[in-house]
Amino acid sequence: MSGAFEKLARPVQKWIRAQGWRELRDIQSRAIGAICDGQGDLILAAATAGGKTEAAFLPLISQVLEAPAAEPGFDLLYIGPLKALITDQARRLEDICAESGLPVVPWHGDVAASVKARALKAPRGILLITPESLEALFVRRGLEIPRLFGATRSVVLDELHSILDSERGVQVRSLLTRLEQATGQSLRRIGLSATLGDMGLARRYLRPDAPETVTLIAASGGEAELRLQLRGYLSGAEDETGPSATDAIAAHLFDHLRGSDNLVFAGARQSVEIYADRLRARCEEARLPQEFYPHHASLSREHRDFVETRLKDRSKPTTAICTSTLELGIDIGDVTCVAQIGAPFSVAALRQRLGRSGRRAGQPAILRQYSVETRLTPQSGLVDRLRLGLVRAVAMIELLLAGWCEPPRADQLHLSMLVHQVLSVIAGQGGASASQLYRLLCKEGPFRQVSAPLFMDVLRAIGRAEVGLIEQAANGLLLLGPRGEKLVAHYGFYAVFPTPEEYRLMSAGRDLGTIPLDNILAPGMMLIFSGRRWSVRDIDTGAKIIVVEPAKGGVPPRFGGEPGLIHDRVIEKMREIYAGDQTPVYMDRTAAELLSEARSHYHSAGFGRSAIVNIGPRNWFLATGCGTVKTATLALALQGVGHQVERHDGFLEVTCGTDAPPLEKTLARWAEGAAVDFFAAGPNLVFEPYHPYLDGDLLRTDARSSRLDADALPGLCARLLEDFVSSPVEAGTFRAPSGAIPPLPDAEYRFVALDVETANGDCASICQIGLACVRPDGTIDSWSSYIDPEAPFAPFNTQLHGIGPAKVRGAPRFLDVIARLEPLLRRHVIFQHSGFDRRAISGALALAGVSEPDWRWQDSVRIARCAWPEFRGKGGHGLAHLKDRLGLDFAHHDAAEDARAAALVVLKAEQRLGCAFDDILRMRR
DNA sequence: GACCTGCTGCGGATTG
C-alpha cells in the first residue's frame with residue numbers, strides 16, 4: 001500500500017484491508033493526498049463507479065476521526081440529487097464507518113421522522129441530504145442551522161454535473177452560501193462528477209470567488225474499448241411486407257439483448273411504454289420468462305425498486321427500457337449494452353449513459369444507437385428529407401468520440417429562483433432587510449448577474465399588494481406577505497422545479513404510478529402502462545385516482561415534458577456532417593443510405609452554397625448553424641415582425657407574413673444592430689414556479705437571460721446574409737455555365753414546343769427542359785438538357801420522370817440554359833401542353849430575380865380541345881390520353897419527348913381541321 | 001413530439 005494509505009485513520013485502514021484491496025486506485029491515492037495535505041476545494045472526476053465516493057470519504061472520515069470536533073453538529077455534509085442515490089451512498093458509508101462508530105444519517109422525504117428527530121437532537125457524523133430537504137431545514141429550523149452545521153468542515157456535492165447550471169444547482173449554491181454565512185465559516189467544497197464539459201466553469205461553479213484554487217483530480221485511463229453501431233429504420237406508411245420500425249427495433253433488441261443485463265434509453269416515457277409492451281409480448285410469444293421492464297419517473301416507487309433490484313441481481317438477466325431515470329448515479333452495476341433509441345439531447349447524457357456499460361476489466365462498452373426516420377412521400381417537406389434525428393445522432397456520437405461534451409450555461413439571472421430564495425431566507429430568519437438579502441444572495445451567493453437596481457425591482461414586484469409575497473414592516477424589515485406565508489407553509493415549497501398535476505393509476509389496490517391530468521380518459525378506454533395493458537374501470541376526479549384492470553390491448557398515455565436544449569457545437573457538427581462525404585463505419589446499410597440521402601437533399605436544397613434557401617413564393621428555409629437558444633432568438637425576432645416560423649434543430653422554416661417587411665431587409669437591419677422586439681408576438685414567458693409573481697418587464701429580462709441570446713442576433717443575421725448574398729439564387733445575373741449545354745437546334749421553325757420536368761412540388765424547381773422545333777416540312781428537331789434545380793428532389797417526382805440528384809450532378813443551372821435558349825424562343829411561338837411549363841419558367845425566372853421576357857406562349861391543350869371535342873369528359877386532352885387515342889409514339893415524362901408530343905398534337909390537329917394552328921386559335925375566340 | 005429531480009408537520013385512527 002502506498003503513502004496515501006498511511007495518511008488514513010486506523011479504522012479506515014482496517015476497513016480497506018477487510019475489503020481485500022491490493023492497492024488504492026489512482027484517483028483515491030491522489031484525493032487522499034490532496035484532502036489530507038491541503039485545504040482547498042476539489043473536483044474528483046471519474047467514470048461512474050470509479051471509486052469517487054471512497055476517494056473523497058476515506059480521507060474526510062479519517063480527518064474527522066483523528067481530530068473530532070469539540071462542539072456538536074454534523075461533521076460532514078453530503079448533498080445528492082436523488083433519494084435512491086442517498087440511500088445507496090449511506091449504505092456504503094455505513095460500512096466504512098461501522099468500525100469507528102461515526103453515524104451516517106440519510107435524510108430525504110422517505111426517511112422516517114424518528115431518524116430525523118434523533119439526528120436533530122444529537123447531530124453528529126455524516127449527513128446525506130437532498131437539496132430540497134436541506135432547504136426545508138433552513139425554512140423550518142433556520143435558527144438551528146449554526147448548531148447543526150457549526151462543526152461541519154467539508155461538503156461533498158455528488159453528481160456535480162447534474163446540478164451545474166440547473167435551477168436546482170442554483171438552489172444548492174445559494175444554500176451553501178447561506179450555510180457559510182449562518183455558521184460564520186468557510187466550508188471545503190468537494191465535487192464528484194463523471195461528466196464535466198468544461199473544467200473552468202465547473203471550478204467557477206464550486207468556488208466563484210477563486211476558481212483557480214480548486215484542484216482537479218481526474219481518473220486516468222481505465223476507459224473501456226467502445227463498440228458502436230448505428231442502425232437506421234424507416235417509419236410511416238408501412239409496406240405490407242415489412243414490420244413497423246417499432247416492431248423491427250423491438251425484434252432486434254429482443255434478439256441481441258436477451259440473456260444479459262442492459263439499458264435501453266427510449267427518450268420519452270411514452271416510447272418507453274411502447275417498447276416495453278412490444279418486448280413483453282415477444283417474451284410471451286416465445287414462452288420465455290419476462291426480462292424486459294419499463295423504468296421512468298411516472299412509475300410507482302415499488303415497480304422502480306423492483307427493476308433496479310433485478311438489474312443488480314446478476315443471476316436474472318434484465319433489460320430496463322428507461323428514460324433518464326437510470327442515467328444518474330444509482331449503482332445498478334455493470335450492464336452489457338446500452339441502447340439509445342433516437343438521438344439524445346446532449347452528448348453529456350449520451351456519455352453518462354454509455355458509462356453504464358463496459359465497467360468491468362476486459363469488457364467493452366457497447367452502444368447501439370437506433371434512429372427512426374420518416375418514410376418520404378411526395379408531400380414530405382425539407383425537414384423530413386434532412387433526416388435531422390439521424391444526423392444529430394451521428395453528430396453526438398462523433399462529439400462523444402472526440403471527448404467533447406456540453407459545458408454548463410453561465411450568465412442566467414434565475415429570477416424565479418431568486419424569489420424563492422428571498423422567501424426562504426425571510427422565512428428561516430423571521431425577516432430580513434433588503435440590503436442583507438442583496439449581500440447574501442447577489443453579492444456572495446449565486447445571483448451575481450443580478451444588479452442592485454434589478455434586485456430592488458424584484459422586491460418591489462413581489463411586494464405589490466395584489467401579489468403579497470412579501471411586505472415591509474415599519475422598521476424597514478421585510479416580512480412574508482399573506483401569500484408568501486401560504487406558499488412557504490406548504491411542503492411543496494422546497495422543490496424549485498415546476499410540477500404538473502397528475503392522476504394516480506391503481507389496480508386492485510396497488511399503486512401503478514401517475515399520468516398527467518390532461519390525458520382524456522373514460523371508463524372502458526385501454527391503456528399501456530408500466531409495461532402492461534389495462535382498461536379504465538373507474539375515474540375519481542376528486543381524488544385524482546384512476547382504477548384500471550388488466551386488458552388485452554391499449555395505447556400509452558401522453559406524458560408531456562419540454563424538449564432539451566441542443567448546444568451550438570452539436571449543430572455545427574451536424575453541418576460538418578451534411579457537408580462531408582464520409583460514411584462512419586459504425587452505420588448499418590439503412591443508416592448509411594439515409595445519411596447519403598440527407599446529404600443529397602441538403603445540397604440540392606442549396607445549403608451547400610447558401611444558408612438561406614427559397615422553397616416557395618413566400619417560404620424560406622434558414623440554416624442558422626446554431627443551437628436551440630440562438631435559433632429560438634432569431635425565431636422570436638422573426639415572429640415579432642409578422643412572419644410565421646417553425647423551429648427545428650439548427651433550421652428555421654419561415655413563411656413570410658403578407659404585411660411583414662421583406663426577410664432579407666429585416667435580417668440586414670438586425671445585422672447592423674437595429675433594435676429588436678423579441679416579445680412582440682406575445683410568447684409565453686412563464687416557465688418557472690415563481691414567474692407568476694413577477695411583472696412583465698422582469699419576465700422579459702429573465703427570458704432574455706435564459707431563453708434568448710440577443711447579443712448573438714446581429715452576428716447570426718450577418719452570417720446568414722453573407723452566405724445569402726454570395727448565393728447564385730439571389731445574384732440575378734447569368735453566370736458562366738457550370739455544365740455543358742447541348743447544342744441548340746439552329747434553323748427557322750414554324751413553331752417550337754417546350755416541356756419541363758421539375759424536382760419537387762414547387763413548379764420553379766426545373767430539372768429538365770425539352771424542346772421540339774417543327775420545321776416547315778413537319779420534321780421535328782428535338783433538344784433537351786438537364787438542369788441543376790438547386791432544390792431537393794421529391795421521390796414522387798423522381799419516380800415519375802426518373803431524374804434525381806445523380807442525373808443533374810454537374811448540369812447547368814436554369815439561368816444559364818435559359819440565356820442560351822432566349823434568342824431561339826424569342827423568335828417563335830412556344831407551345832406548351834396546359835399552362836404548367838409557362839408557369840414553371842416564370843416561377844424560376846422570378847426566383848432568380850429576372851424579369852420575364854415577352855415570349856409568345858400558346859397552349860396545345862386548347863388546340864386539342866378544338867380538334868377532338870369528343871374527348872371532353874371521356875379521357876380528356878392530357879398527353880397520356882392523346883397518346884393512346886391518336887396513336888402517338890413518344891416516351892412520356894421526358895422533357896424532349898413530351899415537347900415532341902405537344903408538337904405532334906398541334907400537327908395532327910392542323911391535319912384534322914385542315915388549317916394552321918393560328919387559325920385554330922382564332923376559331924376558339 | 002420531445003428528460004429528470006423533490007417534499008413538512010400535524011391530527012386522528014389504530015395497534016400493542
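First the proteins, then the strands, lettered A, B, ... as listed; each starts at 1.
Between Arg304(A) and the phosphate of dT5(B), there is a side-chain N or O to OP1/OP2 separation shorter than 4.0 Å. For Thr130(A) and dC7(B), the shortest distance from a side-chain N or O to OP1 or OP2 is below 4.0 Å. For dC4(B), the OP1/OP2 oxygens have a side-chain nitrogen or oxygen of Arg269(A) closer than 4.0 Å. Lys116(A) has no side-chain polar atom (N or O) that falls below the 4.0 Å cut-off from OP1 or OP2 of dG9(B). One finds no side-chain N or O of Ser166(A) lying less than 4.0 angstrom from the OP1 or OP2 phosphate oxygen of dT5(B). Taking only side-chain nitrogens and oxygens, Gln270(A) never comes nearer than 4.0 Å to OP1 or OP2 of dG1(B).
Not a single donor-acceptor pair, N or O on each side, falls under 3.5 Å between the base of dC3(B) and the side chain of Thr323(A).
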Check the interface with nucleotides 12-16 of chain B: list each N/O to N/O pair with the protein under 3.5 Å, or write none.
none

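Taking atom CZ of Arg392(A) as the reference point, atom P of dA2(B) lies 14 Å away to the nearest angstrom. Regarding Lys83(A), its NZ atom lies at a distance of 5 Å from the P atom of dG6(B), rounded to whole Å. Across the protein-nucleic acid pair, Ile341(A) atom CD1 and dG1(B) atom P stand 19 Å apart, rounded to whole Å. Between Asp649(A) atom CG and dG1(B) atom C1' there is a gap of 12 Å when expressed in whole angstrom units. Distance Met396(A) CE to dA2(B) C1': 13 Å, rounded to the nearest Å. The CG atom of Leu134(A) sits 20 Å away from the P atom of dT5(B) (whole-angstrom rounding). As rounded to whole Å, 16 Å separates atom P of dC3(B) from atom NE2 of His295(A).
Using a cutoff of 4.0 Å between basic side-chain nitrogens and carboxylate oxygens, Glu502(A) and Lys544(A) are not scored as salt-bridged. Salt-bridge annotation for Asp88(A) and Lys312(A): present, with a side-chain N of the basic residue lying under 4.0 Å from a carboxylate O of the acidic one. The residues Glu132(A) and Arg168(A) are annotated as salt-bridged, a charged nitrogen and a carboxylate oxygen being separated by less than 4.0 angstrom. Taking 4.0 Å as the cut-off between side-chain N and carboxylate O, Glu406(A) and Arg351(A) do not count as a salt-bridged pair.
Contacts classified as salt bridge (charged side-chain N to carboxylate O under 4.0 Å, His left out) and involving residues 417-426 of chain A (residues at least two apart or in different chains) are not found.
For Arg231(A), the side chain to side chain donor-acceptor pair (under 3.5 Å) partners at least two apart in sequence or on another chain are Tyr233(A), His252(A).
Distance check: Ile190(A) CD1 to Leu77(A) CG gives 11.0 Å after rounding to the nearest 0.5 Å.
Each of dC7(B), dT5(B), dC4(B) was ranked by its minimum atom distance to the side chain of Tyr491(A); first place goes to dC7(B).
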